[in-house]
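One structure is given here, and the rest of the page talks about it.
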Amino acid sequence: MASHIGPWRTEAQGHLRPDSNGDSKTDYSRWRLVNDAGRQTWQYLESDKENEAWPQTIADKYNLGLPTGLPELPEAKTPREAAENGLSFFSHLQLEPGNWACEYGGPMFLLPGMMITWYVTKTPILPEYATEIKRYIFARQNPEDGGWGLHIEAHSSVFGTAMNYVALRLAGVNEDDPRMIKARGLLHKFGGAIYGPHWAKAWLSILGVMSWEGVNPVPPEIWLLPDWVPFAPWRWWIHIRQVFLPLSYIWSKKWSHPLDDLTRQIREELYTQPYDTIDFSQHRNTIHAADNYYPKTMLLNGINELLVRVWNPFLRVKAVSKRAEDWAWELIRMEDENTDYAGLGPVSNPLNMVACFIQEGPDSYSVRRHRERLNDYMWMKDEGMLANGTNGVQVWDTTFATQAISVAGLADDPKWRPMLLKALEFIDDHQLRENVPNQEKCYRQHRKGAWPFSNKTQGYTVSDCTAEGLRSTIQLQKMHNFPELISSDRLKDSVDCLLLMQNPTGGFTDYETTRGSPKIEWLNAAEVFGGIMIGYDYPECTTASVTALSLFSKFYPDYRADEIRIAKEKAVAYIKRAQRQDGSWYGSWGICFTYAAMFALESLASVGETYQTSDNSRRGCDFLISKQMEDGGWGESYLSSEKHVYVQHEKSQVVQTAWACLALMEADYPHKEPLQRGIKMLMSRQQRNGEWLQESIEGVFNQSWYVRPPESNILAVARSDLKLCSMISYPNYKFYWPIRALGLYSKKFGNEAL
Ligand SMILES: CC(C)=CCC[C@@H](C)[C@H]1CC[C@@]2(C)C3=C(CC[C@]12C)[C@@]1(C)CC[C@H](O)C(C)(C)[C@@H]1CC3
């Protein structure tokens, strides 16, 4: 694929046309999604010859928001016909390697980090990327005040506005553009970029448009702490740890991009006074209320003062800081090598690239490989180009797609078998077969047998992704007679991996077991995110693990039977503890109580606890029933995630209706009528070609709710008024969840016309 070689040009060469705002737009018929065994990148075909020789697929067109040309289908009269029509549409979106792909946008702080990284590492941005990045950021500008927020639904903040403003300037937008004037006006009203949170200040310092004096310390020395220290960084939540790591290296070097004409200008645009007159050291803690969701604790403020006033000027020993930098670099190198430079996520990976640039120079292998790899995070859609929250959603979507077909009772139909076989091949290809070398040294969790969220290159185990991979495989190979691509030994490996991921509480975290105390939150420096310092138990991760283990034991009753039984008992006890008074569970990764209810009720059913037999199941069902809307659907606002109480959406939502119906059906809810109304609603929203249209955003992160044992409510007060989450889209949810619900309904209640 094309790489970023050549000068920093910010306008595509040919085939440009103005969009409705008068901005340049590339020719959408020239974009192709390249999927190299699960590595997804977007390529623009400049030459007419190439464009003709390589036609756009239906999936390309769909992802780009172009008409797919898929035909109208015979009208679905029954739930099963509706499921089949939905699957018929969805089947066209499967990609060559067997997986499904999608946009994974929502956060508004990722793309600017990419832009800054390209700029400071002398990586000329592909001009067609720049053209579309400009369009995307403008499309997401808040019309009322001209700013940007933390995510696409959030109100404007200094973080969002300063970072996206800078990204646009780097993408070649003139400071006199009226939209830039408006954005700058808002930024100045906020007090300028010195009112941004820690991460904004760090990124701007890397670009050289802020001084490191204004950034609270990120000492790499903390990596020299012995492992037994209760707050040593190996204990932190993996995403924070992996962001902190390269940042500490860069902070220690106080490295900034050398000033040039553009950054000199940007320096004068971001503040309310001339750059040279600002005493940045006075602004480490200035932060606007719009950004200060999780104010730093007094403890952290005190530590920062000591570090800045005493340690840094008088006590910091060169030999020690050198050792710390070397060790941080070693950890960065191991992360890069273990992921072939794709990295854990969209913040840590660009920062790693900056560290490589500082350590090894612009033409080193590490920088060149990162250059190629950053493209894996980029995504094209109708509004332009954005940065995804991960390098794709490949395994996650593919496992749920096959499960939907199985649960819906469609997996034995010869029509869908080739599609399912390809999906199984993908799942086979992306199981993680070995632990990383130096697992202990780089603090990685055991991963042999696991499945990741995106692809095997990224290669991190996630408990529920492993659970879903296991479940899909067993369904296809054991229940639907697909060839045994994944051997029993490999399934046992995945069970071994899952069992290692359980916490002593019985719950499961996402990537690792919980490694530290919630008190580490006292050191949270991010200001905009809460509940991020350690891995917590999550109802979704725990319940998915229980469901998968239950299915596994049906087919392999002798394998580690006692351990699985005990693990499940402990997990179920946790799930019951996590249930609230009103019967609900708080979901951390989807919106919100509806999402968690589906996983929780399904897992309880997998251990034989249903509406008839279990009080927990009954209360869970009754909670859902109490939220059903007039039109038969369910609709929950993202505000539920922020407020920790159920907030009705103004409109029912297809995805949540499917979740609620599935939850009730899995729990064997005895009354058909509410289900019938929900299913009818799903059918009424289906288009004639079988698809469902995009509704509200589905996913969420960084707002975790954990179950404390009652006696330790140490953080309860601090956490009771938490008020912000990041939103993230799961566009394929609108396909496979309704298909699954419709199919299951017809299996349970017969396939009469509705
Ligand atoms: C603050 C930082 C570093 C931002 C970068 C974004 C990441 C942290 C987010 C983006 C996608 C994200 C929400 C994800 C998850 C963790 C946090 C991620 C990686 C996990 C893996 C947690 C477990 C969940 O059940 C599920 C598998 C759905 C998600 C998937 C996406």
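Just follow the structure's listing: the first ligand is 1, and inside any ligand the first atom is 1.
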Say whether [X] and ligand 1 are in contact under the criterion: heavy-atom distance to a ligand atom below 4.0 Å.
X: F244; value: no
X: H239; value: yes
X: F599; value: no

Identify, by atom number and element, the atoms of ligand 1 in contact range of [X], meaning under 4.0 Å from any of its heavy atoms.
X: D510; answer: 22 (C), 23 (C)
X: G389; answer: 10 (C)
X: Y730; answer: 28 (C), 30 (C), 31 (C)

Evaluating non-hydrogen atoms only, which member of [options] is closest to [atom]?
atom: atom 11 (C) of ligand 1; options: W396, Y460, Y104, F508; result: Y104
atom: atom 21 (C) of ligand 1; options: F109, Y595, F453, Y511; result: Y511
atom: atom 5 (C) of ligand 1; options: A544, G590, P346; result: P346

When you compare the side chains of [X] and [Y], does any donor N or O come within less than 3.5 Å of an acceptor on the partner?
X: N375; Y: T41; answer: no
X: T594; Y: E636; answer: yes
X: T514; Y: T509; answer: yes

Inset, instruction - Considering only non-hydrogen protein atoms, determine which one is nearest to atom 2 (C) of ligand 1 and report residue, atom name and distance to 0.1 Å. - result: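 Looking at atom 2 (C) of ligand 1, the protein heavy atom closest to it is W199 CH2, 4.0 Å.
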Legend entry - Nearest neighbour in protein (non-hydrogen) for atom 26 (C) of ligand 1: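 For atom 26 (C) of ligand 1, the nearest protein heavy atom comes out as D464 OD2, 4.2 Å.
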Legend entry - With E695 via salt bridge (charged side-chain N to carboxylate O under 4.0 Å, His left out) - residues at least two apart: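 Once residues adjacent in sequence are excluded, the partners of E695 under the salt bridge (charged side-chain N to carboxylate O under 4.0 Å, His left out) criterion are R685.
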Report yes if the distance between the aromatic ring centroids of [X] and [Y] is under 6.0 Å, otherwise no.
X: Y511; Y: F453; result: no
X: F508; Y: Y538; result: no
X: F599; Y: W659; result: no

Inset, instruction - Check whether any side-chain heavy atom of R447 sits under 4.5 Å from a side-chain heavy atom of Y460, and report yes or no. - result: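 A side-chain contact is absent here, since even the closest heavy-atom pair is not under 4.5 Å.
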